[in-house]
Amino acid sequence: MLKDRFLNAKRKLFDKVYDHLNDKQREAVYTVNGPLLILAGAGSGKTTVLVNRIGYMIRYGNAYNSERVPSFVTEQDVIELENALTLPKAEAEALLDRYSEDRVKAWSILSITFTNKAANEMKSRLEKKVGEEAGAIWAGTFHSICVKILRRYGDRVGYGAGFTIYDTDDQKKLMLSVIKDMGADEKMFAPKTVLNFVSRAKDKLMTPDDVQSEAKDFREQKMAQFYKEYQRRLVSGNALDFDDIIMQTVRLLNEDAEAREYCQNKFRYVCVDEYQDTNRAQFVLTSIISEKHGNLMVVGDDDQSIYRFRGADIDNILNFDREIADTRVIKLEQNYRSTKAILDAANAIIKNNANRHGKSLWTDKEGGSAVSLRRLDTQNDESKYIVDKILELKRTEGRSLSDFAVLYRLNSLSNSLESAFSRSGVPYRVLGGLRFTDRKEVKDVLAYLCLINNPSDNVRLMRIINEPKRKIGDSTVNAVYELAGRENESMFSIMRNAHLYPSLSKAANKLKEFTELILGLREIAAVEALDVLIDKVLDLTGYRAMLKAQDEQEGKSRLENAEELISNAVEFINTHEDSSLSAFLEEMALVADIDNYDPDAEAVVLMTVHSAKGLEFPVVFLPALEEGVFPSSQSLYDEAELEEERRLAYVAVTRAKDRLFITHTRERLLYGKTSYNKLSKFVSEIPESMLDIEKGAERGANPMRERIGLGAFSQRPQAQISSEFTKRSPFGASAYAAKTSVPKETFSVGDTVKHPVFGTGVITGATSVGPDVLYEIAFDSVGTKKMMGNYAKIKRVQ
DNA sequence: AGTCAGTCTCCTTCA
DNA sequence: GAGACTGACT
């Protein structure tokens, strides 16, 4: 009796303390023990749940679900609890402190995210919620956490504590030398392709031997060999690439009992965010760490899994509850971000995917403006339409420029938008593009620092040995490289003794000079602070002088970038206990960009849909929703790829809070080719009743209409058809054929056609050539042919 | 060693 | 169509 009353009152009071959350969110917060999968739809308050859950664990342990009644509890206490419902929240919270159970120690929590940005956001929100104790939580990215573990135990799997991390650029250089040294043609095997192959293998924890034994053909055999040699060189240089950071940590935890037990004992509670983005290696990693205590919580949204191309395995989230026994699954489907009109459109799109858990977002808000669809003639018209619309909404709805975002599938689509914005003088920012640490000058200076830190780093040495020019040409570098390989020494040590090698005699002095420069800087590094060191590097290597000598604009901004590194160093010294050179280099290797996206800056923001994931904007424009662009042409004939594109479309639509504008164009210049694309199938998946098709907008080829014999533009008033259709319509505008200068039926990418000789095929390209169209047609039996529309005897196949 | 013209490629991205 | 890259030339 008393027990029931107590438990009841306690739980009621908890529900009051967390009454800013909905039922599902609260259920997630209270579920502390055991495996937990939270399927969090877009805008469903995922981060709030994560933060509140950790706060709850630390403050109350498992109090809500506990069935225990503490022995001290009297009827008085129960009455106090029952009456506490009217208390202010802070007092109710304090009262519940008395009934906390198995409180979780902050240091036993491991919280993993994908990006530094997310990790930092998590840290600062935890600090607000939990206070000082939050500092003890291990919150970081997969990579930063694994590096921490490897710095401690890496020697058990052959990595000295001072290991270096290779970025994509370093990897490319290393792989190129592997391919060349193994006598293969780098045109047949592009380093990028081989690296991608290696990266996918490492994502799945496959060693070179695993890959070798599974190789399907000669090509894969060969790439497995490159992988093997590439890996050998990484290890001998005490270096890891990004994928190694995860894979070698898994290997360490599998092979070394002490390291495994350390992690398993320490991290009693493991939380993983953005779980739909994890790859196999990351799945295994989190499984091992949480194996002992079984408290693994993962949060994600299978409908927002958009990183297949970089190894993310959607099966991790789809099968989590099947792979891990007794998993509790909680779906967060209430959306607090978008209007009903926008959510309905998003649901209409995503429900066409077969491979998903199945969620449907809802909101208790009613209405909202319908999603707008507009068709324009060219991409310049499209850009102008967007700019004009923004100015119009700014005027009529009093919106700020920071309310608007333009999200596109391809970076190259930003060009025409950018010129429209700058022509009209509307402030805008393009996100993405070249990152700070990707700039050549920044990489060069970092390469100097790496070499100072670790002189046996051949890849970095080759990067800067002749930068600025020291008259050490390729032939000399190659000679050093070969000697180093033969003598099994680093290039640096060969160069120090250059005079001993006859083949280097001519360059010996210059090589020696270079090593002395680096050794001198090493001495400076030992006594001076980081910022001073970088300044000296710029001076003593002649790098600063080189940039100053360059033509004004370019050199000046590049020098600014290089010097920005000094500010980074100062910042680093101020915020880190260990401000050694190696600690700084590690930070620079792991931290992508200083995140400078300021959501309040008074400017329209332009970015890819991928980079917009996790963000939200009051008004969103989605240009180029066309077949072949979005969905991209590479995905048109592959169901899994197409589902991925559909998820991307879902992400795009769910970024919008109030208004969504979709546009497409009659013709588009892409990769130097004019293409005529149909409206994206994703837009066709939205019921017409949900769309506000603006005057002049059309739905494109609708299979239903074609079947019943209506042209795609049959509803279009005749008067408006004039000019833009005197050319040709991408939609097979047979109804207007007589009006156009091209008397023949026209086709667009994706159409199936029949040729009297070659049989059936699919249009893969359509380029306007004077008054005619040059089609590229992939025939089923004879491969791809190019033919002119006016002369080719091709017919549409239904 | 540096310059220039011709060639090739081209999606999305984080650590 | 732009940018990266290559190879030949000075």
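Proteins get letters first, then strands, A, B, ... in listed order; numbering begins at 1 in each.
Under the 3.5 Å distance criterion, with hydrogens and angles disregarded, a donor-acceptor pair is assigned to the side chains of A:S580 and A:D578. A donor and an acceptor atom, one from each side chain of A:T378 and A:D381, are located under 3.5 Å apart. Between the side chains of A:Y650 and A:N352, not a single donor N or O lies within less than 3.5 Å of an accepting N or O. One side chain, A:S199 or A:D243, offers a donor N or O that lies under 3.5 Å from an acceptor on the other. Inspection of the A:N415 and A:Q379 side chains reveals no N or O donor paired with an N or O acceptor under 3.5 Å. No side-chain donor from either of A:T665 and A:E382 sits under 3.5 Å from a side-chain acceptor of the other.
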Show each protein N/O and nucleotides 8-12 of chain B N/O combination with a separation under 3.5 Å, one pair to a line.
| residue | atom | partner | partner atom | Å |
| --- | --- | --- | --- | --- |
| B:dC11 | O2 | A:R409 | NH1 | 3.1 |
| B:dC11 | O2 | A:R409 | NH2 | 2.5 |
| B:dT12 | OP1 | A:N411 | N | 2.9 |
| B:dT12 | OP1 | A:N411 | ND2 | 3.0 |
| B:dT12 | O4' | A:R409 | NH2 | 3.1 |
| B:dT12 | O2 | A:R409 | NH2 | 2.6 |
| B:dT12 | O2 | A:H610 | NE2 | 3.4 |

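For the pair A:M546 CE and B:dG2 P, the computed distance is 11 Å after rounding to whole Å. To the nearest angstrom, P of B:dC14 lies 18 Å from CG of A:L195. In this entry the distance linking NZ of A:K202 with P of B:dA15 reads 19 Å, nearest Å. Whole-Å rounding puts the A:D277 CG to B:dC14 C1' distance at 10 Å. Following rounding to the nearest Å, A:I112 (CD1) and B:dA15 (C1') show an atom-to-atom distance of 14 Å. Atom CG of A:D203 and atom C1' of B:dT13 are 13 Å apart (whole Å). Look at CG on A:L431: it is 11 Å from P on B:dT13, rounded to the nearest Å.
For A:K469, the listed nucleotide lying nearest its side chain is B:dG2; candidates were B:dA15, B:dG2, B:dA1. Here the side chain of A:R310 is nearest to one of B:dA15, B:dA1, B:dC14, namely B:dC14.
Counting any heavy atom pair closer than 4.0 Å across all strands shown, A:T168 reaches a base atom. Residue-level contact check: A:L669 touches the backbone only, with heavy atoms under 4.0 Å from sugar-phosphate atoms and none from bases. Here A:I472 lies in heavy-atom contact (under 4.0 Å) with sugar-phosphate atoms only.
Scanning DNA chain C 5' to 3' for nucleotides with an atom closer than 4.0 angstrom to a non-hydrogen atom of chain A gives a first and last hit of C:dG1 to C:dG7.
A:S675 contributes no side-chain N or O that, together with a main-chain N or O of A:N677, makes up a donor-acceptor pair within less than 3.5 Å.
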Q: Using the side chain to side chain contact (heavy atoms under 4.5 Å, CB included) rule, take A:R423 and A:K384 through it: C-alpha gap first, then chi angles, then the decisive distance, then the call.
A: CA-CA 10 Å; A:R423 257 201 306 270; A:K384 189 166 181 310; over 6 Å; no
Q: Applying side chain to side chain contact (heavy atoms under 4.5 Å, CB included), run through A:V653 and A:L622 and close with a yes or a no.
A: CA-CA 8 Å; A:V653 169; A:L622 301 178; 4.2 Å; yes
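Taking the six-membered ring where tryptophan is involved, the planes of A:Y307 and A:H610 are tilted, since the angle between them lies from 30° to 60°. In this structure, A:F572 and A:H576 have parallel ring planes: the angle between them is below the 30° cut-off, well short of the 60° mark.
A salt bridge is defined here as a Lys NZ or Arg NE, NH1 or NH2 lying under 4.0 Å from an Asp or Glu carboxylate O, and A:K469 with A:E467 meets this definition.
If you check residues 278-289 of chain A against DNA chain B, you find no residue with a heavy atom closer than 4.0 Å.
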